[in-house]
Amino acid sequence: MSIFAAFRTSPNEDLAKIGEEHMQKDLKPEDRALLRKAAGRVSTHATLGSLLGLGLGIALAYRIRSNRVALYNAMKVVSRPTELVFANGAREPLPDLEPYLRPTRWGDAATYTAFSLGGLFLGGEMGFITGTAAASNTIMSDPDSRRRIEDAFRLFQADVMRRQLTSLEATIQDRSPSSWDKLKGQASGLVSSLKD
């Protein structure tokens, strides 16, 4: 699963198949159309938010880079002190920091990459949040469809829980030694060998 909202996909194919079965069985065609419209709003908002965040990240990186270059050029022109003179007459030379402050291609690439990815992530997540709110408003607009969708979702949850319960019961009945039991056996064997 991608951390970026624009690239999210279904986390589990089995759950998607169960959900599709419930959509076909428990919902009317207009309810399915309403759900698809709501899902499209989430996707659209996430994509637009990601693109907007990417653009703002690049613009901010450009602004920071141009400010850094302007600061470096201003520092190059101004005469800088070369040493400190203390009250007791001692002199201490100041290091030349110009090579460390000079803008580089690697620094520019790191700036553009960090701000672009940060903008993409934040914009996508904000788009996902606004898309979820828009999808919720879409579903809430028709009370009858909303009730049918909620009932279908509850049936879907019950079906998923039944399948999980069946899977857990099968695991208990096929009770082969778990990795924890194997580890305890190895540890007890190790302890008994140390005692000898």
Side-chain angles (χ1 to χ4, degrees), residues 1-61 109-187:
M1 185 171 130
S2 175
I3 61 170
F4 297 110
F7 305 116
R8 286 205 175 131
T9 60
S10 175
N12 189 335
E13 295 299 323
D14 190 37
L15 289 178
K17 190 174 85 173
I18 296 169
E20 189 62 36
E21 289 172 7
H22 279 281
M23 276 186 70
Q24 297 300 326
K25 183 176 65 172
D26 299 333
L27 296 176
K28 293 181 178 180
E30 58 267 12
D31 299 335
R32 290 192 290 272
L34 188 66
L35 278 177
R36 285 193 179 88
K37 182 179 176 185
R41 285 202 168 176
V42 172
S43 177
T44 301
H45 280 247
T47 302
L48 290 176
S50 295
L51 291 175
L52 186 63
L54 179 66
L56 289 174
I58 289 172
L60 187 60
T111 301
Y112 278 105
T113 301
F115 280 94
S116 297
L117 290 177
L120 180 68
F121 178 72
L122 289 175
E125 294 304 313
M126 292 302 295
F128 186 73
I129 290 169
T130 60
T132 303
S136 177
N137 289 339
T138 300
I139 292 172
M140 299 278 187
S141 65
D142 184 8
D144 293 333
S145 283
R146 175 184 171 201
R147 184 184 47 77
R148 286 190 297 270
I149 290 169
E150 286 175 349
D151 291 344
F153 182 69
R154 286 186 189 101
L155 290 171
F156 166 74
Q157 284 180 317
D159 196 17
V160 168
M161 285 183 196
R162 271 190 228 101
R163 288 183 188 222
Q164 287 177 340
L165 182 62
T166 304
S167 172
L168 287 172
E169 287 174 345
T171 304
I172 291 171
Q173 289 174 357
D174 294 341
R175 190 67 177 181
S176 60
S178 68
S179 57
W180 179 250
D181 293 334
K182 291 177 187 175
L183 185 63
K184 285 193 320 190
Q186 290 173 353

Quiz item: What pairs with Ile58 under side chain to side chain contact (heavy atoms under 4.5 Å, CB included), at least two apart in sequence or on another chain?
Solution: Leu54, Tyr112, Ser116
Quiz item: CG/Asp31 to CZ/Arg146 distance, rounded to the nearest 0.5 angstrom?
Solution: 13.5 Å
Quiz item: So does Met23 have more than 12 non-hydrogen atoms from other groups sitting under 6.0 Å from CE?
Solution: yes
Self-check item: Residue pair Ala38 / Ala135: nearest heavy atoms and the distance that separates them
Solution: O-CB, 3.4 Å
Self-check item: Atom pair CZ/CG of Arg148 and Leu34 - distance to nearest 0.5 Å
Solution: 9.5 Å
Practice problem: Nearest 0.5 Å please: distance from the CG atom of Leu51 over to the CG atom of Leu56. | Solution: 11.0 Å
Quiz prompt | CD1 on Ile149 to NZ on Lys28, rounded to 0.5 Å | solution = 12.0 Å
Quiz prompt | N/O donor-acceptor pair under 3.5 Å between Ser145 side chain and Asp142 backbone | solution = no
Quiz item: Rounded to the nearest 0.5 Å, how far does CZ of Arg32 lie from CD of Gln24?
Solution: 4.5 Å
Quiz item: So, the side chain of Thr132 versus the backbone of Phe128: is there a donor-acceptor pair under 3.5 Å, distance only?
Solution: yes
Below 3.5 Å, can you tabulate the donor-acceptor pairs from side chains in residues 156-165 to any protein atom, sequence neighbours excluded?
residue, atom, partner, partner atom, Å
Asp159, OD2, His22, NE2, 3.2

Exercise. Report the distance from atom OG1 of Thr44 to atom NZ of Lys37, rounding to the nearest 0.5 Å.
Key: 11.5 Å
Quiz item: Can Glu21 and Lys25 be counted as an ion pair, charged N to O under 4.0 angstrom?
Solution: no
Quiz item: Do you know which two heavy atoms are closest between Ala134 and Arg41, and how far apart they sit?
Solution: O-NH1, 3.7 Å
